Amino acid sequence: MASEKPILYGYFRSSCSWRVRIALALKGIAYDQVPVNLLKDGGQQFSAEFKAVNPMQQVPALKIDGITLSQSLAIIHYLEDTRPNPRLLPQDPKKRAQVRMISDHIASGIQPLQNLKVLKQMGERKTEWAQKCIASGFQALEQVLQQTAGRYCVGDEVSMADLCLVPQVANAERFNVDLDPYPTITRINKALLELEAFKVSHPSRQPDTPAELRA
């Protein structure tokens with residue numbers, strides 16, 4: 001049977017959507033995009049239509065193989081289970097645990113503290129708050145990466161950890177976080193941004209990227 005193309009509901013600047021775009025690009029999976037503008041009309045993620053797709057009212061969501069998945073790491077795990085090449089989780093149990101640890105460090109320990117929902121609550125203090133959350137998370141992450149990194153986050157193969165790192169560094173840059181104290185993070189990020197999958201998935205090259213932010 002001809003399976004339908006997966007549909008990614010996302011937002012050009014959403015770091016969680018970007019993680020999934022990188023995974024789809026690395027695995028060579030063609031897909032269609034449905035942009036969900038997180039700022040327009042009070043946030044299109046709050047529409048009844050999108051709530052039916054993802055009750056959490058967050059991006060990304062991916063319709064694939066007859067199911068709808070949300071949560072970027074759950075989506076990446078599913079892609080890994082069903083389309084294992086190239087691998088985003090190493091076979092070695094220790095390296096695999098390190099990849100999951102770094103991914104969770106970013107996806108649970110940094111990103112949620114500075115996401116749109118939280119920043120709205122912070123009002124005037126939002127930039128200061130985002131900088132503080134990212135800097136404290138990066139201090140720990142830099143230490144971890146000094147132990148695990150080769151060319152990339154864990155050794156010399158691109159993994160799920162790298163898919164989390166690059167969008168988080170972009171967030172840090174958006175909030176003018178000083179990256180000088182994090183040479184390992186900076187070096188890995190630079191190496192990853194040279195890879196085609198990271199370029200095509202970049203926020204500056206999405207269907208919903210505003211003209212002034214296009215690459």
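None of the values given here were measured: they were computed from a predicted structure. All heavy atoms count here, side chains included; hydrogens, waters and symmetry mates do not.
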Exercise. Kindly indicate, with the supporting measurements, whether the criterion side-chain contact (heavy atoms from CB on, under 4.5 Å) is fulfilled by Leu38 and Gln44.
Key: CA-CA 6 Å; Leu38 303 184; Gln44 294 174 346; over 6 Å; no
Do [X] and [Y] belong together in a cluster built from hydrophobic side chains that touch within less than 4.5 Å?
X: Phe138; Y: Leu193; result: yes
X: Ile110; Y: Ile76; result: yes
X: Leu39; Y: Val59; result: yes
X: Ile75; Y: Phe12; result: no
X: Phe50; Y: Leu69; result: no

Should we count [atom1] of [X] as having more than 12 external heavy atoms under 6.0 Å?
X: Lys132; atom1: NZ; result: no
X: Gln146; atom1: CD; result: yes
X: Glu124; atom1: CD; result: no

Would you name the heavy atoms of [X] and [Y] that are closest together and state the gap between them?
X: Ala107; Y: Leu73; value: CB-CD1, 3.8 Å
X: Cys164; Y: Ile106; value: O-CG2, 3.7 Å
X: Cys153; Y: Asp162; value: N-OD1, 2.9 Å
X: Arg205; Y: Lys199; value: CD-O, 3.4 Å
X: Ser72; Y: Cys16; value: CB-O, 3.5 Å

Report yes if some heavy atom in the side chain of [X] is under 4.5 Å from a heavy atom in the side chain of [Y]; otherwise report no.
X: Thr68; Y: Asn54; result: no
X: Ile7; Y: Ile64; result: no
X: Tyr182; Y: Val169; result: no
X: Leu213; Y: Pro210; result: yes
X: Ser70; Y: Met56; result: no
X: Leu88; Y: Ser159; result: no
X: Arg13; Y: Thr209; result: no
X: Ile102; Y: Leu165; result: no

Please output the side-chain donor-acceptor pairs of residues 114-121 that fall under 3.5 Å, not counting sequence neighbours, one pair per line with the distance.
unit_1, atom_1, unit_2, atom_2, d
Gln114, OE1, Gln168, NE2, 3.3
Gln114, OE1, Asn171, ND2, 3.3
Gln114, NE2, Gln111, O, 3.2
Asn115, OD1, Lys117, N, 3.3
Asn115, OD1, Val118, N, 3.1

Practice problem: Please step through side-chain contact (heavy atoms from CB on, under 4.5 Å) for the pair Asn189 and Leu192, ending with a clear verdict. | Solution: CA-CA 5 Å; Asn189 183 64; Leu192 289 163; 5.6 Å; no
Distance from [X] atom [atom1] to [Y] atom [atom2], nearest 0.5 Å?
X: Gln139; Y: Leu141; atom1: CD; atom2: CG; value: 11.0 Å
X: Asp92; Y: Glu157; atom1: CG; atom2: CD; value: 12.5 Å
X: Gln131; Y: Phe175; atom1: CD; atom2: CZ; value: 9.0 Å

Donor-acceptor pair, [X] side chain versus [Y] backbone, under 3.5 Å?
X: Trp18; Y: Val166; value: no
X: Asp178; Y: Asp180; value: yes
X: Arg21; Y: Ser201; value: yes
X: Ser14; Y: Gly10; value: no
X: Arg19; Y: Leu163; value: no
X: Ser108; Y: His105; value: no
X: Asp208; Y: Tyr11; value: no

Quiz item: Tyr9 and Leu62: side-chain contact (heavy atoms from CB on, under 4.5 Å), yes or no, with the steps?
Solution: CA-CA 6 Å; Tyr9 295 80; Leu62 184 69; over 6 Å; no
Tell me which donor-acceptor pairs under 3.5 Å the side chains of residues 26-33 have, and how far apart each pair is, sequence neighbours excluded?
unit_1, atom_1, unit_2, atom_2, d
Lys27, NZ, Glu80, OE1, 2.8
Lys27, NZ, Arg83, O, 2.8
Lys27, NZ, Pro86, O, 2.9
Asp32, OD1, Lys5, NZ, 3.4
Gln33, NE2, Gln206, OE1, 2.8

Exercise. Tell me yes or no: between the side chains of Arg214 and Ser204, is some donor less than 3.5 Å from an acceptor?
Key: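 No, no side-chain donor-acceptor pair sits under 3.5 Å.
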Quiz item: Just checking, any donor-acceptor pair under 3.5 angstrom between side chains of Thr184 and Glu142?
Solution: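 Side-chain D/A pair, Thr184 to Glu142: present.
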Self-check item: Qualifying residues under salt bridge (Lys or Arg N to Asp or Glu O under 4.0 Å), relative to Glu128, sequence neighbours excluded
Solution: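 Expected list: Arg125.
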Self-check item: Test side-chain contact (heavy atoms from CB on, under 4.5 Å) applied to Met160 and Arg87, step by step
Solution: CA-CA 9 Å; Met160 182 168 73; Arg87 284 190 170 281; over 6 Å; no
